[in-house]
There are 2 protein chains.
Amino acid sequence: MARNAVTRSRARFRRETPEDRRRQLGEAALRCIVKHGNAGVSVRQIAAEAGVTQGLITHHFGEINELVAYAFDIMSDGVLQAITRAVEEAEPAPQKRLDAFIEASFSPILFDRDVLGVWVVFWGLILHSPRMSVSQQGEYSDYVTTVQGLIGDLAAAEGFSIGDIRLTSVAFTALLDGLWLAWCLNPSAFKPQEGVQLCRNWIEGLRRGAYA
Amino acid sequence: MARNAVTRSRARFRRETPEDRRRQLGEAALRCIVKHGNAGVSVRQIAAEAGVTQGLITHHFGEINELVAYAFDIMSDGVLQAITRAVEEAEPAPQKRLDAFIEASFSPILFDRDVLGVWVVFWGLILHSPRMSVSQQGEYSDYVTTVQGLIGDLAAAEGFSIGDIRLTSVAFTALLDGLWLAWCLNPSAFKPQEGVQLCRNWIEGLRRGAYA
DNA sequence: ACACTTGTTATACGATCTTATAATTTCTGT
DNA sequence: ACAGAAATTATAAGATCGTATAACAAGTGT
């Protein structure tokens, strides 16, 4: 026991399961991107941020692009989960669920300059990384599907019609992404609560048959 | 004359005015970004693309960030000019002008993966470069103002009301940016003409008083 | 024809980058 | 207690990066 304690205190590094270590490295990568943007995507910086040596990244991910893609997946999952949770916690009426979705999108958990900044960096990488592109397509598809479900339920409950619901969902997703981007690049452009209002206005247009 | 010809053919480099050279370097930078994304932003690559040595970039721009910011300005001006020209060539009725704006936004001149790809890279840089941020804020402001003029004229001509026209213009701009981004990351998400339709639907919502 | 200005090249230096390889250490199973 | 597996470190090699400096050369004015 004493032996154990001494041994552990003398340990020069902790041995962790591949899953844990991969996640630690992924989260360190996200922190680096928050701090330095594209410049933060570097084996050395990420390893330092995670408190390990560079070789560990090679060992667990092979090449750095794989780590970045993994970090992107962590990020995507986090966002979708946060939104989904907010929706599930809302009252079951379609109006309430959709509004919870909107509110969550502009709540500090997601509508945060650090979060959005990471997102923007990823967007810039996706175009030239097939691996990232694959992740993005899956994530985007899930996202639009979620939006489509919410909007479809609302239309069914209130009895208005939508011409092409998938396309319409793409538009609403684009509005959200566009507002995220605009605010991220220039937070003085509008206030979060104004973003919520603009989304509600968009829904109001939907109700009034502008997309029929 | 013969002397002149010989001399010119033997010339090892062309001496150009600072303005011309700056523009050449800026355009070379844009081509590098098209080809390699963030990775294309490099003194060596850009100099090679422009067919000059690295020192020229230092000479004309001091540091590379200044060149990148200059390339961003070229890009912004080009986009705004192309759109403005399309609007000016349209019939003077507000409906026609706004529709020309939308059509131009999704025409191959602007709705092009190369063009949008450059845009996305710049977005990623703006967050961590004060110099880029300054350019972006000016460009964004001009853009929203243009949108605001078009929408305001339409509202006046058709007699519908808008609550906060600046904010509403921000939303329309966000919708455009969001659609650009989505299509750029994943061109199979929708067709350009569908993008036009979605913008027209948004305008229809405006007409029906969703933003009053 | 010649000197001067300055655009341009040539070269070098130090920092940082990715990746590969071998040595080390921790932990687990027996 | 000890051996073996695998996580981790340590180290190195070769590219590429940004920037500074000095030499060179093209065009201009006289």
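In what follows, chains are A, B, ... by sequence order, proteins preceding strands, each numbered from 1.
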Is the phosphate of [N] approached by [X] (side-chain N or O, under 4.0 Å from OP1 or OP2)?
X: A/S42; N: C/dC17; answer: yes
X: B/Q54; N: D/dT16; answer: no
X: A/R21; N: D/dT8; answer: yes
X: B/Q45; N: D/dC17; answer: yes
X: A/T58; N: C/dT19; answer: no
X: A/R12; N: C/dT25; answer: yes

What's the [atom1]-[atom2] distance between [X] and [N], to the nearest Å?
X: B/R14; N: C/dT9; atom1: CZ; atom2: P; result: 13 Å
X: A/E16; N: D/dT9; atom1: CD; atom2: P; result: 10 Å
X: A/Q24; N: D/dT8; atom1: CD; atom2: C1'; result: 13 Å
X: A/N65; N: C/dT19; atom1: CG; atom2: C1'; result: 12 Å
X: A/H59; N: D/dA7; atom1: NE2; atom2: P; result: 5 Å
X: A/I46; N: C/dC17; atom1: CD1; atom2: C1'; result: 12 Å
X: B/E66; N: D/dG18; atom1: CD; atom2: C1'; result: 15 Å
X: A/L56; N: D/dT11; atom1: CG; atom2: P; result: 17 Å

[X] near the nucleic acid: base, sugar-phosphate alone, or nothing, with a heavy-atom cut-off under 4.0 Å?
X: B/R44; answer: base
X: B/I57; answer: nothing
X: B/I64; answer: sugar-phosphate

Practice problem: Record whether the side chain of A/R15 comes under 3.5 Å of the base of D/dA6 through a donor-acceptor pair of N or O atoms. | Solution: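 Present.
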Quiz item: Run the side chain to side chain contact (heavy atoms under 4.5 Å, CB included) check on B/W180 and B/V115 step by step: do they pass?
Solution: CA-CA 10 Å; B/W180 278 18; B/V115 172; 5.7 Å; no
Quiz item: More than 12 heavy atoms of other residues, nucleotides or ligands under 6.0 Å from CD of A/E19: is that the case?
Solution: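 At most 12 heavy atoms, drawn from other residues, nucleotides or ligands, come within 6.0 Å of this atom.
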Quiz item: Can you tell which of D/dT9, C/dT19, C/dT9 lies closest to the side chain of A/E63?
Solution: C/dT19
Quiz item: Between A/L30 and A/F72, is any pair of side-chain heavy atoms under 4.5 Å apart?
Solution: no
Quiz item: Does some side-chain heavy atom of A/E49 sit less than 4.5 Å from a side-chain heavy atom of A/K35?
Solution: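 Sidechains of A/E49 and A/K35: in contact.
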Quiz item: With a 6.0 Å cut-off on ring centres, are A/W202 and A/Y211 close enough?
Solution: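 Ring-ring flag for A/W202/A/Y211: true, centres closer than 6.0 Å.
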